[in-house]
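All chains are named by letter (A, B, ...) in the order of the sequence lines, taking the proteins before the strands, and each is independently numbered beginning at 1. All values reported here derive from a predicted model rather than from experimental measurement.
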Amino acid sequence: MNTALIDSNNFYAACEQSLDPKLVGQPLVVLSNNDGCVIARSAEARKLGIRMGKPYFQIHHELTKLGVKIRSSNYALYGDMSRRLMSLLAEHCENLNVYSIDEAFTESRHYSSQELQTWAYQLRATVCRNLGLTISIGVGANKTQAKLANQIAKAEPIHAGIFDLTTTNESDLWLESIPIEDVWGIGRKLAHWCRLKGIKTARQLRDMPSNELHAKCGVKGIRLQRELNGHPSPTFSKTEKQETRISRSFKEPITNLEELKKAISNYVVRASEKLRQQKQKAGKVTVYTSTSLFISNPYNKSATASLALPSNHTGELLSIALQLTEKIFHPHYPLKKAGVLMQELHNENNIQQNLFMHIPLHKQHQKENLMQSIDQLNNRFGAGTIQWAACGSQRSWTLRHNHISRAATTRLKEIPIVKA
DNA sequence: TCTGGGGTCCTAGGACCC
DNA sequence: TCTGGGGTCCTAGGACCC
């Protein structure tokens, strides 16, 4: 059994383009929260040499000069497009394993080259017709190889978005063409280390002495090397989430405790909603805050508390998080970022009762019903319809997004209008 | 003036135990 | 003179991913 990786090219930029035809064929970049830095580029913007991760304030004049279109990130839109993409793929793929917002692995039988081409070609056409997105498909003996094949599929127009490493006789040549930085699992630090040792390509990494790789990167390095050699990946398994986090940078730094509490409260409300959606409860809560990373004496601090009984009840989690917030606050530092982490997640139907804290069943149901009602009202009438007092009404710490597109697929009022 | 957010997994090292 | 050794559990932090 081979593995295929299917992903959507320039996903965030493509979502914006599929919604606004004026953007098609244009250089376009999508910015992170707070319009901080570039996190996606259309093919045209890539060609202009605009780099990923560049802070917007550093390049905004250049972008204007080049006529590059700008969008703030619109996660409601991308999340919705992703759900549509994945459910469409699931209809056409065996054992689809969603890996990220725009990627999924799937099992691929040993098709003949011709059969694979036909299947892949049809799938690309369907996705393009239904969603306006372009996908690439890479096939390999395992996930690592499928990732590499996918890159080759994208890089060489001749492959038309489809490449199978398992049927080519020139796999060594192809591996030689992949720079070490582009290997899945090799980040900046490891790439630098490899370069110093003269390892410049995926093929050289595959053929380097295992003991050196093991000494540097432990079992992860060895697994990676095995996969480059064609050994199968560990089997697909659906695992529950280990942690859930909400964190944001503030538009303006925070210097007083009340403001920090409001921000943390808002994150706790959102994190609790996520837990309930995931049908999970948290056994541990961490809150943290920090100044900007780019100042000379940065400050960062976190505090953690364990719960007697795991919970996804907003009120309970709020009271713990607010106590923790007092511990991490420091009046002498301009705080630029804060977050909450829900840890030790348990399936909500599988909670060990605490012997010393028995809560009568009817009380527990009452609390659950209250949360359910709030979630339903907020779903139906929009986020924030029912608000927690701790969150405050004025939000000096909210986000900046000056270039956001409409919630065209998730909000009825903003649905696109097509003129005949 | 302005530098994202949400995840996973692994390792090293400390605490504690016998 | 001479200061064990190995196992387990936990946590913080690093590295990576999209």
Side-chain angles (χ1 to χ4, degrees), chain A residues 5-13 29-41 51-61 63 71-75 78-79 82 98-105 143-144 147 150-151 180-194 214-224 234 237-253 267 270-271 274-275 278 280 283-284 286 288 290-295 298 300-304 306 334 336-345 398-402 404:
Chain A
L5 173 69
I6 306 174
D7 77 349
S8 170
N9 300 358
N10 314 321
F11 183 62
Y12 293 173
V29 301
V30 178
L31 303 177
S32 64
N33 271 337
N34 273 321
D35 293 345
C37 39
V38 173
I39 53 167
R41 306 154 297 165
R51 295 236 311 280
M52 199 72 162
K54 264 278 175 199
Y56 177 54
F57 75 90
Q58 286 177 2
I59 55 170
H60 110 261
H61 288 302
L63 295 183
R71 287 288 179 274
S72 305
S73 40
N74 182 344
Y75 294 106
Y78 313 144
S82 174
V98 176
Y99 172 68
S100 75
I101 195 161
D102 67 339
E103 288 171 276
F105 290 101
K143 290 185 178 182
T144 302
K147 275 278 205 183
N150 182 289
Q151 282 182 42
I180 189 73
E181 290 77 12
D182 293 352
V183 177
W184 191 39
I186 300 293
R188 235 190 23 221
K189 296 258 161 107
L190 289 178
H192 181 67
W193 176 81
C194 287
H214 184 256
K216 180 68 184 172
C217 21
V219 296
K220 284 191 159 180
I222 297 302
R223 278 181 210 157
L224 174 56
S237 67
K238 280 218 162 154
T239 48
E240 307 230 311
K241 253 196 219 314
Q242 313 284 309
E243 63 177 46
T244 281
R245 175 194 316 235
I246 303 291
S247 78
R248 297 276 185 281
S249 301
F250 311 129
K251 193 166 57 178
E252 307 289 344
Y267 305 161
R270 181 71 198 106
K274 276 181 97 173
L275 288 177
Q278 292 159 199
Q280 288 181 309
K284 217 163 83 171
T286 296
Y288 58 93
S290 63
T291 53
S292 163
L293 292 171
F294 303 94
I295 65 176
N300 59 76
K301 195 151 176 74
S302 70
T304 303
S306 291
K336 195 66 180 57
K337 182 173 179 167
V340 304
L341 253 160
M342 300 291 168
Q343 295 156 302
E344 286 180 6
L345 304 188
T398 43
L399 293 174
R400 167 169 44 215
H401 38 56
N402 294 332
I404 191 139

_Set of residues satisfying side chain to side chain contact (heavy atoms under 4.5 Å, CB included) with respect to A40(A), sequence neighbours excluded_ = Y12(A), V30(A)
_Partner residues of Y56(A) under the ring-ring contact (aromatic ring centres under 6.0 Å, His included) criterion, sequence neighbours left out_ = H60(A)
*Intra- and interstrand pairs of DNA chain B - dot-bracket, Watson-Crick/G-U under 3.5 Å, | marks other strand*: ....||||||||||||||
_Students often get this wrong, so: under 4.0 angstrom with heavy atoms, is Y56(A) touching a base, only sugar-phosphate, or nothing?_
nothing
*From dG5(B), dC17(C), dG4(B), nucleotide with atom closest to Y99(A) side chain*: dC17(C)
*Which part of the nucleic acid does L190(A) contact within heavy-atom distance under 4.0 Å: base, sugar-phosphate only, or nothing?*
sugar-phosphate
_Under the ring-ring contact (aromatic ring centres under 6.0 Å, His included) test, residues paired with F57(A) that sit two or more places apart_ = none
*Between dG6(B), dG4(B), dT3(B), which nucleotide has the shortest distance from any of its atoms to the side chain of K274(A)?*
dG6(B)
*What interatomic distance, in whole Å, is found between P of dC18(C) and the corresponding atom of dC2(B)?*
30 Å
*asked:* Within the 4.0 Å heavy-atom criterion, would you say L31(A) contacts the bases, only the backbone, or no part of the nucleic acid?
replied: nothing
*For R223(A), report the nucleic acid contact type (base, sugar-phosphate, nothing); a contact means any heavy atom under 4.0 Å.*
sugar-phosphate
*When we call it a touch if two heavy atoms are under 4.0 Å apart, what does K216(A) touch: a base, just sugar-phosphate, or nothing?*
nothing
*Report yes if at least one side-chain N or O of S249(A) is closer than 4.0 Å to OP1 or OP2 of dG5(B); otherwise report no.*
yes
*Mapping C217(A) and T244(A) to their closest nucleotides on DNA chain B, which lands nearer the 5' end?*
T244(A)
*Would you give a per-nucleotide map of nucleotides 8-14 of chain C, 5' to 3', where B means the base has a protein non-hydrogen atom under 4.0 Å away, S means only the sugar-phosphate does, and - means neither?*
-------
*asked:* What's E103(A) touching, base or sugar-phosphate or nothing? Going by heavy atoms closer than 4.0 Å.
replied: sugar-phosphate
_List the residues meeting side chain to side chain contact (heavy atoms under 4.5 Å, CB included) with S100(A), not counting sequence neighbours, and say none if there are none._
D102(A), E103(A)
_Sugar-phosphate only, base, or nothing, as touched by V183(A) at under 4.0 Å among non-hydrogen atoms_ = sugar-phosphate
_Taking the minimum atom-to-atom distance to the side chain of R248(A), which one of dG7(B), dG5(B), dC17(C) wins?_
dG5(B)
*Distance in Å, D7(A) CG paired with Y99(A) OH, rounded so as to fall on 0.5 Å steps*: 11.5 Å
